[in-house]
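Everything on this sheet refers to the single structure shown next.
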There are 2 protein chains.
Amino acid sequence: MLNIHKVAEEAGVSVATVSRVINNQGTVAKKTQEKVEKVISRLNYEPNMLGRNLRNSESRLIMVLVPTISNPFYAQIVQGIEDIVRKENYNVFLCTTDSEPEREKVFLDYVRQKLTDGVIFMDPAVEVEMLQDLANRYPVIQCCEYNEDLNIPYISIDDTQASYKAVKHLITMGHEKIAIINSDETFQYARNRKKGYLKALEEYGLPIKDEWILKNSELNFEAGQNSMRKLLRADDKPTAIFAVSDILAIGALKRMNEEGLQAPEDIAVVGFDNIPFASMTNPALTTIAQPMYEIGSQAAKMLFQKINTPDEPVSSTLLDNELIIRESTLG
Amino acid sequence: MLNIHKVAEEAGVSVATVSRVINNQGTVAKKTQEKVEKVISRLNYEPNMLGRNLRNSESRLIMVLVPTISNPFYAQIVQGIEDIVRKENYNVFLCTTDSEPEREKVFLDYVRQKLTDGVIFMDPAVEVEMLQDLANRYPVIQCCEYNEDLNIPYISIDDTQASYKAVKHLITMGHEKIAIINSDETFQYARNRKKGYLKALEEYGLPIKDEWILKNSELNFEAGQNSMRKLLRADDKPTAIFAVSDILAIGALKRMNEEGLQAPEDIAVVGFDNIPFASMTNPALTTIAQPMYEIGSQAAKMLFQKINTPDEPVSSTLLDNELIIRESTLG
DNA sequence: ATAATTGATGTAACGGTTTACATAAATTAA
DNA sequence: TTAATTTATGTAAACCGTTACATCAATTAT
């Protein structure tokens with residue numbers, strides 16, 4: 001086994017001296033230092049991180065829990081996280097949970113088990129008590145999806161206000177029959193976006209119909225296509241659609257295209273997130289831009305607050321969002 | 001500190017007994033077991049993974065190094081990896097390198113430092129000697145991007161043959177002026193795809209022009225758009241384009257769209273990868289489908305071969321690929 | 001020349017877990 | 001009843017690195 005003892009032995013010094021050289025604390029005589037360094041590079045020695053972290057009870061590792069990486073939405077957020085984390089000389093381990101509680105649990109245990117120093121959690125599906133319990137003892141930040149009943153700092157946007165804005169835009173464009181393609185309402189964001197949708201319709205006295213309110217348990221193109229298929233078969237066809245995710249909106253646009261329909265002439269479509277691909281579609285997609293990078297970097301900053309001053313409370317934030325108007329709603 | 005000693009003390013047993021209960025080895029008397037379990041759940045104890053892994057010199061953790069998660073191409077591969085890895089009762093840590101050698105190095109050190117049991121490496125930019133050295137001592141698999149001069153197992157596709165197929169398709173459709181939008185030729189795949197492109201042109205005696213051969217250091221929509229802008233300004237405009245990535249192809253399509261041009265009528269476009277978005281564009285994109293899920297799951301299987309039988313050689317594989325013909329080339 | 005200070009290095013405990021081996025108690029065999 | 005075996009539990013070393021404290025040598029001060 002190649003370890004610090006072996007190096008010490010080869011160099012004819014004690015392990016303490018080797019350790020001092022590795023963590024260059026400057027208290028080692030020059031020639032001893034050189035001697036040790038020579039042995040280290042000759043043997044190709046790397047300190048074992050388990051031993052080191054165990055001793056230091058610190059890993060300088062952050063875990064980021066995402067449901068999936070197939071939605072580019074997360075890519076930008078992770079970029080924001082990475083940039084801050086690296087600046088602090090930490091590194092990021094990204095873990096995908098598929099929103100499965102058991103998988104989330106396994107990864108969260110890594111925090112309890114001291115493998116990582118903290119966690120940024122998007123889209124938690126795990127039981128709330130267990131999450132709260134974890135957050136009481138370790139640094140945890142909720143990012144994007146959150147539960148405000150918990151005493152865990154979160155960073156997100158005001159989904160209700162954002163979707164209200166999106167739907168109001170459709171109303172301003174003259175639409176009166178507006179459908180929503182939503183995801184699973186177990187998610188807070190889905191409930192909030194529906195709330196904003198309903199609020200806008202009520203405010204303008206527009207009809208609310210069950211057949212215009214669709215839910216999807218999966219969030220992918222196919223779900224968007226399926227939802228659009230259903231809407232095109234509705235007794236009373238909507239003239240505009242608000243999809244709570246660009247992915248769903250793009251699937252919907254595709255379905256229209258397959259049926260020979262045009263956006264916005266036949267049906268206008270608004271998405272949500274402003275993933276890079278949203279501007280690449282034809283027609284380009286009107287959408288709510290979340291400040292993804294900013295969300296990520298803020299989340300990381302909040303996490304470091306918790307790590308560095310565990311006893312001081314970290315305040316939660318809702319960031320601004322922006323309606324990006326493109327061809328899919330512009331007559 | 002809450003540790004196994006504390007639990008042992010509270011339960012009035014030795015640490016060995018607690019350890020046996022945790023790893024339920026069945027050699028503990030029923031009532032002792034219950035007593036210990038009660039204490040464990042009362043104190044909310046979780047074994048420290050650093051201590052455990054240090055002792056066992058095993059982490060049951062796999063590191064996957066990707067340049068970025070913003071290209072959905074990687075999402076599918078990672079899915080393939082995850083499914084196998086979980087089946088083996090391991091977990092995946094995903095790390096993004098931005099193809100920066102220093103970042104790659106930091107993560108690779110985690111393997112040396114025993115934090116993870118192996119690595120699947122896509123798109124290595126790190127110095128080859130260091131990678132080879134790592135692979136000599138730890139389980140490493142090259143995935144997608146690879147260097148065949150190294151003695152490190154790889155899984156990928158035959159890029160030369162695939163791009164030859166793509167370009168031949170364009171030729172079959174009657175095109176004689178065919179451009180390539182490539183990425184950085186420091187990458188093996190980029191060199192191979194160019195090779196296939198040239199081979200097809202040569203075989204059919206078609207012209208090869210410098211102004212039809214474009215390179216991009218970044219691989220994103222903007223790069224695709226920029227390349228297309230250049231091609232549209234060429235003295236001799238191509239009638240067909242082979243892009244070595246769907247992302248580039250989609251950017252190129254967008255640029256055409258902005259200029260009021262249609263694919264394939266004005267210029268035909270072929271992409272590479274068959275990311276989910278590729279079928280969502282309008283027109284839908286003709287592309288080379290890489291068996292992404294399969295690549296990922298194979299990579300994981302190969303890694304476990306290395307982990308479980310370190311001394312037996314693992315053979316490298318090139319998987320089949322398929323040309324998916326869609327609207328962007330179909331007159 | 002002696003005492004006091006500085007500098008370089010070593011010793012050993014500690015962080016948390018697992019497990020070979022030892023021991024004690026309980027059971028079975030003779 | 002005694003010896004042999006089985007079962008349950010405990011002791012202590014091992015995994016690897018860090019660091020407070022101790023030690024010794026060398027330098028500086030008096």
Side-chain angles (χ1 to χ4, degrees), chain A residues 1-40 43-61 109-117 137-138, chain B residues 1-40 43-61 109-117 137-138:
Chain A
M1 246 328 77
L2 176 54
N3 54 26
I4 200 170
H5 287 95
K6 181 83 182 172
V7 175
E9 191 186 332
E10 289 282 315
V13 297
S14 75
V15 292
T17 302
V18 177
S19 177
R20 286 184 192 109
V21 170
I22 291 166
N23 302 290
N24 55 314
Q25 301 181 286
T27 68
V28 180
K30 202 139 199 179
K31 60 182 172 193
T32 315
Q33 170 135 352
E34 279 163 11
K35 187 171 57 176
V36 173
E37 277 166 351
K38 209 165 283 177
V39 174
I40 287 176
L43 298 183
N44 218 332
Y45 167 72
E46 282 279 345
N48 178 308
M49 222 178 177
L50 297 175
R52 171 179 280 179
N53 292 353
L54 179 59
R55 177 64 229 217
N56 294 344
S57 36
E58 167 188 85
S59 66
R60 302 196 82 82
L61 246 27
D109 279 344
Y110 287 155
V111 185
R112 278 203 183 77
Q113 294 161 351
K114 305 296 165 60
L115 206 64
T116 68
D117 291 349
R137 302 193 289 151
Y138 302 95
Chain B
M1 247 325 79
L2 175 54
N3 54 26
I4 200 170
H5 286 96
K6 181 82 183 173
V7 174
E9 191 186 329
E10 290 281 316
V13 297
S14 76
V15 291
T17 301
V18 177
S19 178
R20 287 184 190 109
V21 170
I22 292 166
N23 302 291
N24 55 317
Q25 302 181 286
T27 69
V28 180
K30 203 142 200 179
K31 59 183 172 192
T32 316
Q33 171 136 352
E34 280 163 11
K35 187 170 58 176
V36 172
E37 278 166 351
K38 210 166 283 176
V39 174
I40 287 176
L43 299 182
N44 220 329
Y45 166 74
E46 282 281 345
N48 179 308
M49 220 175 176
L50 297 175
R52 170 180 284 178
N53 292 352
L54 177 59
R55 175 63 224 222
N56 294 343
S57 39
E58 165 188 89
S59 66
R60 302 195 82 81
L61 248 25
D109 278 344
Y110 287 156
V111 186
R112 279 204 180 76
Q113 295 162 350
K114 305 295 165 60
L115 206 62
T116 68
D117 291 350
R137 303 194 289 152
Y138 303 95

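Quick note on labels: first sequence line is chain A, next is B, and so on, each numbered from 1.
Along DNA chain C, the stretch of nucleotides lying under 4.0 Å from any heavy atom of chain B spans, 5' to 3', dG16(C) to dA20(C).
Distance, L115(B) CG to dG17(D) C1': 14 Å, rounded to whole Å. The CD-P distance, from Q33(B) to dA8(D), rounds to 11 Å in whole Å. The nearest whole Å value for the distance from the NZ atom in K35(B) to the P atom in dA8(D) is 14 Å. As a whole-Å value, the separation of E58(A) CD from dT18(D) C1' is 13 Å. The CD1 atom of I4(B) sits 14 Å away from the C1' atom of dT11(D) (whole-angstrom rounding).
Mapping K30(A) and R52(A) onto DNA chain C by nearest heavy atom places K30(A) closer to the 5' end of the strand. Comparing G12(B) and G51(B) by the nucleotide of DNA chain D whose heavy atom lies nearest to each, the residue mapping closer to the 5' end is G12(B).
Among the heavy atoms of the strands lying under 4.0 Å from V13(B) are primed sugar atoms or P, OP1, OP2 only; no base atom is included. Residue contacts for V28(A): at a heavy-atom cut-off of 4.0 Å it reaches the sugar-phosphate backbone alone, with no base atom in range. L50(A) comes within contact range of no nucleotide atom at all, as no heavy-atom separation falls under 4.0 Å.
Of all heavy-atom pairs between E58(B) and N53(B), the closest is O-OD1, 3.0 Å. When all heavy atoms are compared, the tightest approach of E46(B) to D109(A) is OE2-OD1, 3.5 Å. Nearest heavy atoms, D117(A) versus R60(A): OD2-N, 2.9 Å.
Each side chain to side chain donor-acceptor pair (under 3.5 Å) pair with one or both residues in residues 6-18 of chain A, not counting sequence neighbours, appears once here: E10(A)-R42(A), S14(A)-T17(A).
Within the 4.0 Å cut-off from OP1 or OP2 of dC16(D), at least one side-chain nitrogen or oxygen of N3(A) is found.
Here the options are K35(A), E37(A), K30(A), the test is side-chain hydrogen bond (donor to acceptor under 3.5 Å, both in side chains), and the partner is Q33(A); only E37(A) passes.
The OG1 atom of T116(B) sits 9.5 Å away from atom CD of Q113(B), with the distance rounded to the nearest 0.5 Å. In this structure, OG on S59(A) lies 12.0 Å from CG on L54(A), to the nearest 0.5 angstrom.
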Nucleotide-resolved protein contact map, nucleotides 19-27 of chain D, B/S/- at heavy-atom distance under 4.0 Å: BB-------
